Amino acid sequence: MTKSSERPAVRMQLSVIIVNYNVKHFLEQCLYSVRRASLGLQAEVIVVDNHSEDNSLAYLQPLFPEVNFLVNKENLGFAKACNQGWQMAKGEYILFLNPDTIIPEDCFEKCISFFMSHPDAGALGVKMLDGSGRFLKESKRSFPSPSAALYKLFGLSKLFPQSKTFSKYHLGNLSKDQTHDVEVLAGAFMMIKKEVLDKTEGFDETFFMYGEDVDLSYRIRKAGYKNYYFPGVSIVHFKGESTRKGTLNYIRMFYRAMSIFVKKQYGGSRARMFNLLVHSAIWFRAMMTAVANFIRRLGLPFVDAGITLASFWTVKYLWNEYVRPDVQYDNKLLWTLFPILTIAFLVIAYYAGLYDRYYKRPRLIRSAVITIVVLLAGYSLLPEQYRFSRAIILFGSFLSFVIIGLLRWFFSVTGIINNPRKQDEELSTVIVGTTEEYENVSRIMKGAGYAERVIGRVAVWEDDDASMANWKDLKKLHKNTGFREIIFCIGKLPFKEAIGVIPILPHSVKLKFSMDQSLSIVGSDSKDTKGEALSLENGFALSDPYHCRMKRLADVAVSVLGLITFPFHLIFMKSPFHFFANCFSVLSGKKTWVGYARGEKPFPILKPGVLACNGEPLSSAGELPEESFKAMNYWYAHDYEVMKDIRLLWRRYKQLGQ
């Protein structure tokens with residue numbers, strides 16, 4: 001072929017760079033949306049994986065053969081990983097995109113057109129919405145300064161969200177629906193001309209996480225270009241996947257990054273003032289967080305112990321004063337027995353679910369019934385000289401739970417403890433999509449253990465009569481049915497249409513999305529909470545706090561029993577002294593008696609097992625293909641019951657010392 005007949009090289013218009021760290025289902029949805037938005041463009045996608053441990057690559061590579069995956073052997077941080085992708089990129093425009101985002105079909109086309117009509121544009125950001133459809137203020141920002149940091153740290157920006165002074169950091173005085181030349185763009189969606197990126201030399205790798213987008217935005221403007229906020233495109237950014245906003249870790253990482261930026265770009269007294277404010281605010285928030293965490297994690301048992309002890313004494317006084325004044329109880333005995341009963345009360349209540357992550361009234365009632373029954377049963381086994389009155393135990397426990405219930409309600413209303421919204425307890429879900437899309441999402445919901453939530457399908461087409469309603473009538477449908485969750489199937493229904501209907505829905509409705517052909521569903525309640533991903537990998541019994549407690553209780557019971565009966569094992573156990581060491585390892589929480597075989601990372605976390613779930617010692621769990629181990633681990637975690645562990649330990653008794 002002669003040179004004149006050779007075809008000219010195809011010009012690469014866009015390179016999309018995504019850094020992934022343990023968010024495979026969110027990245028799956030993101031990549032499907034990128035694929036749809038890339039139609040008609042010469043585009044490439046580069047995913048830089050920062051040593052994810054959630055089986056991301058094995059899951060995603062077969063689904064997206066067109067994507068270039070770059071794998072790091074350790075977590076190098078966001079800035080360095082972005083630079084790795086940029087150095088591979090060939091596009092005229094480079095888009096740095098977070099994995100927990102979904103973009104509309106016309107996103108790339110509109111953004112590139114904006115660049116072409118604005119020659120002074122160096123970088124572009126878009127309107128970002130959180131998982132509930134609310135505008136994310138991070139879409140447009142100013143450079144950090146001591147005053148802006150002060151107003152943000154102490155909440156003045158929230159009190160005056162549209163003030164040019166107090167809300168300067170998020171440019172609250174600028175309309176979110178108009179195009180603006182702004183100082184800072186968010187790294188979650190940052191499209192930059194490659195020539196600009198070459199001049200500014202990419203991200204500063206001094207920043208591990210947070211602040212790198214501020215620094216790059218500063219250098220783009222310093223190079224003579226503008227950073228534009230462009231609301232002509234709206235995307236969903238679920239937020240909170242790597243470090244939850246509002247936590248002390250987030251505050252420390254974020255403001256440390258701001259401190260690095262100010263020191264680097266401003267220097268002098270301004271940097272010293274900023275650092276003073278940052279460290280003062282971090283210590284203040286640390287103190288507040290410590291107090292709240294004490295109440296949530298340690299304070300509640302202490303408060304409950306005081307209530308329980310006081311309840312037993314109160315009921316004893318009333319019983320002795322008004323019901324059985326003829327009976328005299330030994331106060332010395334009661335001063336010993338009441339604290340013991342209180343401790344037993346709290347331990348039983350813990351295993352009955354009283355201290356699970358969320359406060360729920362049915363769980364409190366269940367805990368009350370179980371605790372009272374077990375206490376009364378234990379009391380009946382006491383020697384006669386230690387018994388005093390079943391009625392005091394019964395009514396004391398009952399009074400204690402009444403007061404604890406009222407206090408839990410107060411703590412949940414004031415936000416001291418977590419309380420899921422009512423729709424989480426009795427969630428009703430509608431699925432917006434075609435019949436085929438509905439069936440696919442229903443399979444995922446069933447696999448995740450949430451099939452009972454689904455109440456029906458909402459149609460995409462006008463002439464689809466085999467449905468509850470058309471998607472354009474969602475507001476009316478909500479009034480009639482009161483559904484509390486929507487899953488949008490993005491396929492026949494374009495994502496840009498789904499985004500358009502979100503603002504008219506009540507904020508109490510939870511939103512989730514599932515892209516066409518995907519194997520998962522994703523969503524997030526707000527910018528401050530970790531997103532939720534549903535897939536066929538959900539529904540593991542070992543994810544349930546109840547089963548986790550039962551497993552730990554069985555581990556402790558077997559270990560204690562093994563230590564008490566140790567002389568017996570000297571005769572019948574193959575390696576009795578190793579068994580003795582295993583008992584201590586399990587008691588200390590370093591091991592569990594039954595664990596996974598190899599390759600457990602995609603499943604609920606367990607300590608290393610003495611035995612693998614196939615009954616073999618963990619050190620020699622059998623020579624089988626990797627897929628066989630994965631299947632064994634899956635079904636062990638999915639269908640876990642504590643009695644399966646007990647039966648396995650009984651059958652493999654002689655091997656417990658290996």
Side-chain angles (χ1 to χ4, degrees), residues 23-26 28-29 32 54 59 100 102 131-133 236 238 240-241 353 356-363 366 418-458 467-469 471 474 477-478 481-491 493 498 505-506 508-526 529-548 602-604 634-635 637-641:
V23 286
K24 66 180 180 184
H25 294 305
F26 284 87
E28 177 191 7
Q29 303 299 323
Y32 275 120
D54 65 347
Y59 179 80
D100 52 352
I102 300 179
S132 61
V236 169
F238 291 105
E241 291 311 302
D356 281 353
R357 181 181 176 189
Y358 294 117
Y359 159 68
K360 292 182 179 180
R361 191 179 302 155
R363 185 178 295 152
R366 183 187 68 185
N418 294 322
N419 182 27
R421 294 177 298 179
K422 186 176 180 181
Q423 58 262 36
D424 288 338
E425 299 178 22
E426 302 174 359
L427 211 57
S428 52
T429 304
V430 296
I431 300 172
V432 181
T434 64
T435 302
E436 184 180 352
E437 292 168 338
Y438 173 81
E439 290 174 353
N440 179 54
V441 169
S442 295
R443 279 194 296 271
I444 297 172
M445 293 288 282
K446 183 178 180 181
Y450 299 126
E452 71 282 355
R453 289 184 182 181
V454 180
I455 61 174
R457 180 176 69 89
V458 175
S467 62
M468 300 176 67
W471 70 276
L474 278 170
L477 180 66
H478 181 264
T481 64
F483 64 81
R484 291 170 178 157
E485 180 180 65
I486 300 177
I487 300 175
F488 286 102
C489 300
I490 306 301
L493 177 68
L505 296 171
S508 59
V509 175
K510 297 179 67 174
L511 306 175
K512 287 188 172 67
F513 301 89
S514 181
M515 301 296 294
D516 187 29
Q517 301 178 342
S518 70
L519 304 174
S520 61
I521 305 165
V522 298
S524 175
D525 287 351
S526 77
T529 58
K530 183 173 172 56
E532 179 184 15
L534 302 179
S535 72
L536 298 178
E537 295 176 357
N538 290 91
F540 290 115
L542 269 179
S543 297
D544 189 325
Y546 170 78
H547 288 294
C548 292
F603 308 115
Y634 174 86
W635 289 113
H638 191 274
D639 298 333
Y640 176 80
E641 291 179 0

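Note that the structure is a prediction, hence the values are computed from the model and not measured.
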Query raised in the report: Within a strict 4.5 Å, meaning less than it, do heavy atoms of the F488 and L474 side chains meet?
Result: yes
Scanning both residues in full, the closest heavy-atom pair of S428 with I455 reads CB-CG2, 4.0 Å
| query | If only atom types and distance count, is the side chain of E485 paired as donor or acceptor with the main-chain N or O of K512 below 3.5 Å? | reply | no
To the nearest 0.5 Å, atom NE2 of H547 lies from atom OH of Y640 at 8.5 Å
Rounding to 0.5 Å, atoms CZ (R453) and CZ (R484) come to a distance of 11.5 Å
Taken to the nearest 0.5 Å, the spacing of M445 CE from S535 OG works out to 12.0 Å
Of all heavy-atom pairs linking S518 and I444, the shortest is O-CD1, 4.1 Å
Separation between CD (Q517) and CD (E28), nearest 0.5 Å, reads 10.5 Å
Tested for side chain to side chain contact (heavy atoms under 4.5 Å, CB included) against F483, the lone hit among V509, V454, T429 is V509
Q) Between the side chain of Q29 and the main-chain N/O of S520, is any donor-acceptor distance below 3.5 Å? A) yes
Is there side-chain contact between N440 and E437, with heavy atoms separated by less than 4.5 Å? no
Next item on the list: Report yes if some heavy atom in the side chain of V23 is under 4.5 Å from a heavy atom in the side chain of D100; otherwise report no.
Entry: no
Interatomic distance, OG@S514 vs OH@Y438, rounded to 0.5 Å, equals 14.0 Å
*Mind telling me whether F26 and F238 have parallel, tilted or perpendicular rings, with 30° and 60° as the class edges?*
perpendicular
Distance col, row D639:CG vs L542:CG, nearest 0.5 angstrom, shows 10.0 Å
ask   = Can you list the steps and then say if Y450 with I521 is a side chain to side chain contact (heavy atoms under 4.5 Å, CB included)?
value = CA-CA 12 Å; Y450 299 126; I521 305 165; over 6 Å; no
Closest non-hydrogen atoms of C489 and I431, given as atom of the first, atom of the second and distance, are SG-CG2, 3.6 Å
Counting only heavy atoms not in E436, do more than 12 sit closer than 6.0 Å to its CD atom? no
Pairwise side-chain contact, L511 with L505, heavy-atom cut-off 4.5 Å (strictly under)
yes
In terms of heavy-atom contacts, G433 and R457 come closest through O-NH1, 3.1 Å
Determine whether Y32 and I490 make a side-chain contact, defined as any pair of heavy atoms from C-beta on separated by less than 4.5 Å.
-> no
